[in-house]
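Just below is one structure, and these are the notes that go with it.
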Amino acid sequence: MENDCVFCKIISGEIKAKTVFSDELITVFEDIHPVAPVHLLIVPNKHISSINQIQDEDSPVLARLFYVARDLAKQHGIDEKGFRVMVNTGKDGKQTVFHLHMHLIGGRELAGRLMN
Ligand code: AMP
Ligand code: ZN
């Protein structure tokens, strides 16, 4: 738990969010400004600021980000048609919340190139 971290506050229940899944490692909630019909944030319960701060010991939770993305894509019926996962990092990567998170975006055909 990091002071003044909005995602830590969502994970602890201090701030409300539309949570769709949680377990001992991961919390998933709807993005407050969705860019597609499905826009979920898959978030480690442990406060890790960004990819720059991940450590070898974080391997289990980092793997779970992908397993949870797989399961939620299937649950939302977008696994076959496809979807995108994104982890924005740092200033140039336009990261705005400095608690590691994976965007899971789908439910419509996305632009045919990476956002710039
Ligand atoms: P990023 O730019 O990758 O750091 O993405 C941060 C994301 O968090 C943005 O898409 C925001 O819309 C989303 N976000 C910020 N605050 C909240 C919140 N309180 N509940 C849900 N999503 C949020
Ligand atoms: Zn945090």
Side-chain angles (χ1 to χ4, degrees):
M1 176 86 185
E2 185 94 346
N3 281 344
D4 295 328
C5 171
V6 64
F7 287 179
C8 280
K9 287 181 179 170
I10 288 173
I11 290 159
S12 73
E14 195 180 328
I15 292 179
K16 272 199 157 185
K18 291 187 178 165
T19 301
V20 300
F21 173 83
S22 69
D23 68 10
E24 70 284 3
L25 289 179
I26 298 273
T27 299
V28 184
F29 48 89
E30 294 180 5
D31 197 293
I32 202 167
H33 294 126
V35 299
V38 178
H39 188 169
L40 301 174
L41 299 174
I42 307 173
V43 185
N45 294 338
K46 174 185 173 184
H47 181 90
I48 303 168
S49 300
S50 81
I51 286 179
N52 290 326
Q53 283 76 34
I54 61 176
Q55 298 176 300
D56 289 356
E57 69 192 34
D58 297 322
S59 290
V61 71
L62 298 175
R64 290 253 330 128
L65 294 175
F66 283 90
Y67 296 136
V68 169
R70 173 200 62 192
D71 293 346
L72 287 169
K74 194 170 172 60
Q75 276 173 32
H76 285 79
I78 58 172
D79 54 328
E80 295 288 332
K81 286 190 122 180
F83 57 90
R84 186 172 286 161
V85 295
M86 278 191 329
V87 183
N88 297 326
T89 303
K91 180 174 163 288
D92 283 1
K94 296 288 187 215
Q95 184 178 3
T96 59
V97 176
F98 282 78
H99 181 133
L100 184 70
H101 53 281
M102 176 187 276
H103 295 257
L104 170 61
I105 298 169
R108 67 168 170 84
E109 188 172 354
L110 300 169
R113 57 199 293 270
L114 291 175
M115 282 174 252
N116 60 13

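Order of appearance sets the numbers: ligands from 1, and atoms from 1 within every ligand. This one's a predicted model, so the numbers in the text were calculated from it and none came from an experiment.
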Option of least heavy-atom distance to atom 3 (O) of ligand 1 (set: Q95, H103, H99): H103
query: Vertex the Zn ion (ligand 2): angle to ND1 of H99 and SG of C8, to 10°?
result: 110°
query: Does I15, backbone or side chain, put an N or O under 3.5 Å from an N or O of ligand 1?
result: no
task: Please report which non-hydrogen protein atom sits nearest to atom 15 (C) of ligand 1, along with the residue it belongs to and the distance in Å to one decimal place.
output: V97 CG2, 4.1 Å
- prompt: Backbone, side chain, both or neither: what part of K94 comes under 4.0 angstrom of ligand 1, heavy atoms only?
  reply: backbone
- prompt: What atoms in ligand 1 come closer than 4.0 Å to a heavy atom of L41?
  reply: 8 (O), 13 (C), 22 (N)
field: ILVMFWY cluster, V28 and I105 together (side-chain gap under 4.5 Å)
entry: no
field: Distance in Å, L25 CG paired with I42 CD1, rounded so as to fall on 0.5 Å steps
entry: 13.5 Å
- prompt: Considering only heavy atoms of H33, which atoms of ligand 1 have at least one such atom less than 4.0 Å away?
  reply: 12 (O)
query: What about H99 and H101, are their ring centers closer than 6.0 Å?
result: no
Side chain proximity check, K46 to V61, heavy atoms < 4.5 angstrom: no
message: Using the rule that Ile, Leu, Val, Met, Phe, Trp and Tyr join whenever any side-chain heavy atoms are under 4.5 Å apart, tell me whether M102 and L41 fall into a single cluster.
response: no
- prompt: If you count the atoms of ligand 1 from 1 in the order shown, which ones are under 4.0 Å from a heavy atom of N88?
  reply: 1 (P), 2 (O), 3 (O)
query: Counting each atom of ligand 1 from 1 as listed, which ones have a heavy atom of E30 under 4.0 Å away?
result: 21 (C)
- request: Measure the spacing between NZ of K16 and CD1 of I10 and express it to the nearest 0.5 Å.
  value: 12.5 Å
message: With clusters defined by side-chain heavy atoms of hydrophobic residues (ILVMFWY) lying less than 4.5 Å apart, directly or transitively, does V87 cluster with F7?
response: no
task: Considering only non-hydrogen protein atoms, determine which one is nearest to atom 14 (N) of ligand 1 and report residue, atom name and distance to 0.1 Å.
output: I32 CG2, 3.8 Å
message: Suppose I only count heavy atoms of I10 and a 4.0 Å limit; which atoms of ligand 1 are within that range?
response: 18 (C), 19 (N), 20 (N)
query: Nearest protein heavy atom to atom 1 (P) of ligand 1, by residue and atom, and its distance?
result: H101 NE2, 3.2 Å
- line: At the Zn ion (ligand 2), ND1 of H47 and SG of C5 open up to roughly (10° bins) 110°
message: Please determine whether residues V85 and I51 belong to a single hydrophobic cluster, defined as Ile, Leu, Val, Met, Phe, Trp and Tyr linked transitively by side-chain heavy-atom distances below 4.5 Å.
response: yes
Y67 atom OH, neighbour heavy-atom count above 12 within 6.0 Å: no
query: Do L65 and L62 come within less than 4.5 Å of each other through their side chains, counting heavy atoms only?
result: yes
- prompt: Would you say ligand 1 has an N or O under 3.5 Å from any N or O of H39?
  reply: no
- prompt: Once you round to the nearest 0.5 Å, how far does CD of Q95 lie from CG of L100?
  reply: 7.5 Å
query: Please state which protein non-hydrogen atom is closest to atom 12 (O) of ligand 1 and give its distance, to 0.1 Å?
result: D31 OD1, 2.5 Å
statement: heavy-atom search around atom 2 (O) of ligand 1 in the protein gives T96 OG1, 3.0 Å
query: ligand 1 versus V87, non-hydrogen atoms closer than 4.0 Å: side chain, backbone, both, neither?
result: neither
message: If hydrophobic clusters are built by linking Ile, Leu, Val, Met, Phe, Trp and Tyr wherever their side-chain heavy atoms come under 4.5 Å apart, do V38 and L110 end up in the same one?
response: no
query: Contact between F98 and ligand 1, counting heavy atoms under 4.0 Å?
result: no
- request: Identify, by atom number and element, the atoms of ligand 1 in contact range of F7, meaning under 4.0 Å from any of its heavy atoms.
  value: 8 (O)
